[in-house]
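Values in this document were obtained by computation on a predicted structure and should not be read as measured data.
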Amino acid sequence: MWPQRPGTQQMQAHLDVQFDDLEAETERACALGATLEAHQPQGGVRVLRDPHGHLFCLFLPGA
């Protein structure tokens, strides 16, 4: 469940991928079938969900 809530199952695994151009890679991921999550925890990071519902993050160096 995202965002995590007390009393619910927590994430089992999570993939983070670093890119220099966050906006371009977010657009690319969405064009390939990912969806951008409504809740975005911080700048320089984008939380997305793959077509099967698994969460992953794209992030800038230093984020």
Side-chain angles (χ1 to χ4, degrees):
M1 172 151 297
W2 178 253
Q4 295 180 8
R5 295 184 187 102
T8 63
Q9 180 176 345
Q10 303 302 304
M11 284 189 282
Q12 298 291 316
H14 184 80
L15 180 66
D16 292 321
V17 185
Q18 180 178 318
F19 290 101
D20 290 326
D21 188 338
L22 185 58
E23 296 309 316
E25 294 304 328
T26 299
E27 288 179 24
R28 180 173 175 240
C30 290
L32 292 169
T35 55
L36 190 63
E37 287 291 295
H39 177 72
Q40 297 295 319
Q42 67 191 66
V45 177
R46 295 294 176 272
V47 181
L48 297 105
R49 193 174 294 269
D50 75 15
H52 296 283
H54 303 108
L55 291 170
F56 66 98
C57 289
L58 306 179
F59 67 98
L60 292 171

Interatomic distance, CZ@Arg46 vs CG@Leu60, rounded to 0.5 Å, equals 7.5 Å

If you look at every heavy atom in Pro51 and Gly33, which pair is closest and at what distance? CG-O, 3.5 Å

Would you say that more than 12 heavy atoms from the other residues, nucleotides or ligands in this model lie under 6.0 Å from the CG of Asp20, or not? no

I need the Cys57 SG to Leu48 CG distance, nearest 0.5 Å. 7.5 Å

Heavy-atom nearest pair, Pro61 first then Phe19, reads CD-O, 3.3 Å

Hits for salt bridge (Lys or Arg N to Asp or Glu O under 4.0 Å) against Glu27, two or more places apart or cross-chain, chain-then-number order -> none

Ignoring hydrogens, what is the shortest heavy-atom contact between Ala63 and Gly44? Give both atom names and the distance. CB-O, 3.4 Å

Can you tell me how far the CZ atom of Phe59 sits from the CD atom of Glu25, to the nearest 0.5 Å? 12.5 Å

Using the side chain to side chain contact (heavy atoms under 4.5 Å, CB included) rule, pick out the option among Leu36, Val45, Leu22 that qualifies with Leu58. Leu22

